[in-house]
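Below is one structure, written out as structure tokens, with a few remarks after it.
The structure displayed is predicted, hence computed values, not measured ones. Labels below follow one simple rule: chain letters A, B, ... track the order of the sequence lines, proteins then strands, and each chain is numbered from 1.
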Amino acid sequence: MSTRIADVLAGKAPVGSKITIEGWIRTRRDSKAGLSFLAVHDGSCFDPLQVVAPQELANYQADVLRITTGCAVRCTGEVVASQGKGQAVEVRADTVEVVGWVDDPDHYPMQPKRHTPEFLREVAHLRPRTNIIGATTRVRHTLAQAIHRFFHEHGFFWIHTPIITASDAEGAGQMFRVSTLDAANPPRTPDGKVDWDKDFFGKEARLTVSGQLNVETYCLAMSKVYTFGPTFRAENSNTRRHLAEFWMIEPEIAFADLAADAQLAEDFLKYIFRALLDERKDDMAFFEKFVDKDCIARLSKMIETKFARMDYTDAITELQKSKEKFEFPVSWGIDLQSEHEKYLTDKVINGPVAVINYPKDIKAFYMRQNDDGKTVAAMDVLAPGIGEIIGGSQREERLEVLDRRIGEMGLHAQDYWWYRDLRRYGTVPHAGFGLGFERAIIYATGVENIRDVIPFPRAPRQAEF
RNA sequence: GGGAUCGAAGCUGAGCUGGUGCUAGCGGCCGAUUGUUAAUCGGACGGUGGUUGGUUCAAUUCCAACCGAUCCCGCCA
């Protein structure tokens, strides 16, 4: 039974105790005093553990002096107070067993030096052995756990909405097709079209772009629900903020309006980022030192600051009276561009802000129409330095209003029959929002490219590994 | 989808406007040295310059196509 390095460094293995640790070599340094220093990493925390291997070991010449970066080792020994600087404790090895050698050290890609993120993406199978990807991985896990914990503690149920959907009605972007038909020679109907009736589901099927419509059904039974799972967009987006496959969090609350939704978003973000600062001090210190010196300050400020609320109409007024030169001209009815969002968060509010009540024509059909007839109860939570981090709305719960919007947008009511049923049987005001998980990680860590915060990024022309 | 840029040893990157054998740092290797900290010092090794074609007496350097990558904008999370 081996001991986690995180536990050793946290003092859970007292000085004098005998332990076994297992991990991978980061560096080896030899001393002519007759010993070698092995920096061993097992992923359990940011720091490696120093193992001191004396030349008296039976396999010192044969094995220890041949150890290179990346070798897998199992070491047993006594936890001792370190004689050197840089660590409180280390392990004085009784045995060092090389479990797996690196058979070509000259070409092993992971060197004890800084690598560019672009290069690391080309070795995605080995990059978790680096400081930055390891830290990102632990942050990702911690945030995921905090998200589930927040919802669980607040009485939400986690709903596993489907990945495959046959309702071509989600309308949030280009979708990937799911089919078992022979793409080169599909079955045809008499008029020459592809006969989807012969496909696996008997109709066209695609990968989901959002679990919202499905989760709403459970909301109107379980009251407080959320989804947390993979989401797919077949958009040809070539930016550092987009993925074709990403993870999304979508809570939905019943008997709730937009104000309750905005409050939920604020409480939620503060909870998960506070948990991150509490639980991953080592990794966040690394990000602050080497990736984004402002990341901890940014999170700390967000946690402490009351989010502003601002009406879309007021936001437009603020933008119009500013002296800033915007690439995209500002007028009531436009969607806010990145430059506009940045101005609002950085110059007008100097903090996070929930912009609410957008023009209905730039928002989705299911958002609840306001009494003014022009706007809907939609919100975007904007954060300094990143822009929109959360988008949400109160949903239209009135069947006749919903049907009118479906018609106005050229959609077909019959495609939404089960969604409309929710408005026929015990309808209730409800609201929810969506958070891109990877966007949240970027915001928290300052990592620039979204492809570096997901283990195996999927993007246009990128599906290696 | 629109636009821009880049592609040299395992990695990072000098080499301005084309001229014999293409630099260097780091890594790996060898040696020295030290309770060392991505150590330090010395040495040797390591490159058909993304691919294909073109211009030229001559191309890493100019041009074209292709392949790969990055960034910005749009779409959005």
Side-chain angles (χ1 to χ4, degrees), chain A residues 25-39 41 47-54 65-70 80-87 90 92 102-123 126 130-131 171-174 209-212 227 230-250 290 327-328 335-339 341 362-364 380-381 383 386-392 433-443 448-454 459-462 464:
Chain A
I25 296 291
R26 280 291 173 77
T27 61
R28 187 197 94 219
R29 293 178 294 274
D30 303 321
S31 169
K32 276 299 179 286
L35 30 90
S36 291
F37 300 97
L38 307 174
H41 201 85
D47 290 310
L49 176 67
Q50 176 157 287
V51 173
V52 182
L65 289 181
R66 287 175 51 222
I67 286 175
T68 57
T69 303
V80 297
S82 180
Q83 297 175 33
K85 293 170 183 167
Q87 59 281 319
E90 61 195 23
R92 184 94 188 167
V102 170
D103 57 31
D104 189 5
D106 190 28
H107 290 80
Y108 179 62
M110 298 299 103
Q111 302 164 352
K113 55 174 286 190
R114 193 166 194 160
H115 281 116
T116 60
E118 291 81 9
F119 172 70
L120 291 176
R121 267 171 239 149
E122 295 173 11
V123 286
L126 298 172
T130 62
N131 279 336
Q174 289 290 109
V209 293
S210 166
Q212 182 202 315
T227 71
T231 309
F232 307 87
R233 301 281 165 87
E235 303 283 355
N236 189 17
S237 300
N238 295 293
T239 79
R240 58 192 169 102
R241 301 183 308 283
H242 289 83
L243 290 167
E245 176 183 284
F246 62 99
W247 287 59
M248 188 152 66
I249 299 108
E250 297 174 288
F290 289 109
E327 184 185 348
F328 295 89
D335 209 353
L336 297 181
Q337 302 291 326
S338 300
E339 56 174 351
E341 296 176 346
I362 59 172
K363 290 295 182 183
D380 283 349
V381 177
I386 189 177
E388 179 184 338
I389 188 168
I390 277 180
F433 64 78
L435 169 72
F437 186 43
E438 288 77 15
R439 294 251 173 112
I441 300 172
I442 285 175
Y443 177 75
E448 290 192 346
N449 196 308
I450 200 165
R451 295 167 198 174
D452 300 323
V453 301
I454 189 168
R461 308 196 61 79
Q462 283 191 334
E464 189 68 39

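- A/Glu122 comes within contact range of no nucleotide atom at all, as no heavy-atom separation falls under 4.0 Å.
- A donor-acceptor contact under 3.5 angstrom links the side-chain atoms of A/Glu90 to the base of B/G35.
- Considering all non-hydrogen atoms of both residues, A/Pro54 and A/Leu35 come closest at CA-CB, 4.0 Å.
- Residues passing the salt bridge (Lys or Arg N to Asp or Glu O under 4.0 Å) test with A/Asp380 are A/Lys363, sequence neighbours excluded.
- Under the salt bridge (Lys or Arg N to Asp or Glu O under 4.0 Å) criterion, A/Glu438 pairs with A/Arg140, not counting sequence neighbours.
- Nucleotides B/U17 and B/G74 place their C1' atoms 38 Å apart, quoted to the nearest Å.
- For A/Gln462, counting side-chain heavy atoms from C-beta on, the closest listed nucleotide (B/C73, B/U70, B/U36) is B/U70.
- Listed by chain and number, the residues in a salt bridge (Lys or Arg N to Asp or Glu O under 4.0 Å) with A/Arg241 amount to none (sequence neighbours excluded).
- In this structure A/Ser237 satisfies the side chain to side chain contact (heavy atoms under 4.5 Å, CB included) test together with A/Glu235, A/His242, sequence neighbours excluded.
- Spacing of P atoms, B/A64 relative to B/A24, comes out at 33 Å, to the nearest Å.
- The aromatic ring of A/Phe246 stacks onto the base of B/A77, its centre lying under 5.5 Å from the centre of the six-membered base ring with the two planes under 30° apart.
- A/Gln83 comes within 4.0 angstrom of a nucleotide base, judged by non-hydrogen atoms across all strands.
- Within the nucleic acid shown, A/Thr231 has no heavy atom closer than 4.0 Å to any nucleic acid atom.
- Rounded to the nearest Å, the gap between the C1' atom of B/U55 and that of B/U61 is 14 Å.
- For A/Asn449 and B/C71, the shortest distance from a side-chain N or O to OP1 or OP2 is below 4.0 Å.
- Using a 4.0 Å heavy-atom distance criterion, A/Ile390 is classed as making no nucleic acid contact.
- Along RNA chain B, the nucleotide nearest to A/Glu448 and the one nearest to A/Gly434 differ in position, and the one closer to the 5' end is contacted by A/Glu448.
- Counting distance only, with no hydrogens placed and no angle test, the side-chain atoms of A/Arg121 and the base atoms of B/G68 include no donor-acceptor pair under 3.5 Å.
- Contact annotation: the side chain of A/Val209 never approaches that of A/Gln174 to less than 4.5 Å [non-hydrogen atoms, C-beta and beyond].
- Under the rule for a side chain to side chain contact (heavy atoms under 4.5 Å, CB included), the partners of A/Glu339 that lie at least two apart in sequence or sit in another chain are A/Phe326, A/Glu327, A/Phe328, A/Gln337.
- Under the side chain to side chain contact (heavy atoms under 4.5 Å, CB included) criterion, A/Asp47 pairs with A/Leu9, not counting sequence neighbours.
- For A/His242, the side-chain atoms get nearest to B/C75 when compared with the rest of B/A77, B/C72, B/C75.
- Contacts of A/Ser82 with the nucleic acid, taken as non-hydrogen atoms under 4.0 Å apart, include base atoms.
- Rounded to whole Å, the distance from CG on A/Leu336 to P on B/A77 is 14 Å.
- Distance CG (A/Asp335) to P (B/A77): 10 Å, rounded to an integer number of Å.
- Side chain of A/Ser31 to backbone of A/Ser36: no donor-acceptor contact under 3.5 angstrom is found.
- Every pair passing salt bridge (charged side-chain N to carboxylate O under 4.0 Å, His left out) that includes a residue from residues 111-122 of chain A is listed here, sequence neighbours excluded: A/Arg121-A/Asp452.
- Within 4.0 Å of A/Gln212, counting heavy atoms only, lies no atom of the nucleic acid at all.
- A/Glu90 places no side-chain N or O within 3.5 Å of a backbone atom of A/Gln50 that could act as its donor or acceptor partner.
- Every residue two or more places apart in sequence or in another chain that forms a salt bridge (Lys or Arg N to Asp or Glu O under 4.0 Å) with A/Asp30 is listed here: A/Arg28.
- Spacing between B/G25 and B/C41 at atom P, rounded to whole Å, works out to 11 Å.
- With C1' as the reference atom, B/C22 and B/A14 are 11 Å apart, rounded to whole Å.
- Taking the C1' atom of each, B/C72 and B/C30 are spaced 48 Å apart, rounded to whole Å.
- Residue-to-nucleotide contacts include no donor-acceptor pair under 3.5 Å from the side chain of A/Arg241 to the base of B/C71.
- When the P atom of B/A9 is taken as reference, atom CZ of A/Phe119 falls 12 Å away, rounded to whole Å.
- Atom CD of A/Glu118 and atom P of B/G68 are 17 Å apart (whole Å).
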Where each pair must be Watson-Crick or G-U wobble with both distances under 3.5 Å, what dot-bracket representation of RNA chain B is obtained, with crossing pairs in [ ] and other-strand partners as |? (((((((..(((......[....)))..((((.......))))......(((((..]....))))))))))))....
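- Put simply, CG on A/Asp380 is 12 Å from P on B/C75, counting in whole angstrom units.
- Across all strands shown, A/Glu438 has no heavy atoms under 4.0 Å from either base or sugar-phosphate atoms.
- A/Glu448 pairs by the side chain to side chain contact (heavy atoms under 4.5 Å, CB included) definition with A/Arg240, not counting sequence neighbours.
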Polar atoms only, N or O, under 3.5 Å: list the protein pairs with nucleotides 46-51 of chain B and their distances.
none

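- When distances are taken from the side chain of A/Lys32 to each of B/U34, B/A77, B/G74, the shortest belongs to B/U34.
- When distances run from any side-chain atom of A/His107 to the nucleotides B/C73, B/C71, B/G10, the shortest one goes to B/G10.
- Looking at which nucleotide of RNA chain B each of A/Ile67 and A/Ser31 is closest to, the 5′-most match is held by A/Ile67.
- Counting only heavy atoms from C-beta on, A/Thr68 has its side chain closest to B/C29 among B/C71, B/C29, B/G35.
- We find that OH of A/Tyr108 is positioned 12 Å from P of B/G28, with the value rounded to whole Å.
- Regarding contacts with the backbone of B/G74, a side-chain N or O of A/Gln337 is found under 4.0 angstrom from either OP1 or OP2.
- Base engagement by A/Phe37 is indicated by at least one non-hydrogen atom pair under 4.0 Å involving a base atom.
- Heavy-atom minimum distance, A/Pro112 versus A/Arg26: CB-O, 4.1 Å.
- When the C1' atom is used for both B/C11 and B/G21, the distance is 25 Å, rounded to whole Å.
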Between N or O atoms, less than 3.5 Å apart, protein on one side and nucleotides 38-40 of chain B on the other: list the pairs.
from	atom 1	to	atom 2	distance (Å)
B/A38	N1	A/Lys113	O	3.2
B/A38	N1	A/Arg114	N	3.1
B/A38	N3	A/Pro112	O	2.9
B/A38	N3	A/Lys113	N	3.0
B/A39	OP2	A/Arg29	NH1	2.8

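- Distances were taken from every side-chain heavy atom of A/Ser237 (C-beta onward) to each of B/C75, B/U37, B/A77; the shortest belongs to B/C75.
- A 4.5 Å side-chain heavy-atom check between A/Thr68 and A/Tyr108 finds every atom pair outside the cut-off.
- For the pair A/Ile389 CD1 and B/A77 P, the interatomic distance rounds to 13 Å; values are reported in whole Å.
- Residue A/Asp104 contributes atom CG, which lies 13 Å from atom P of B/G28 at whole-angstrom precision.
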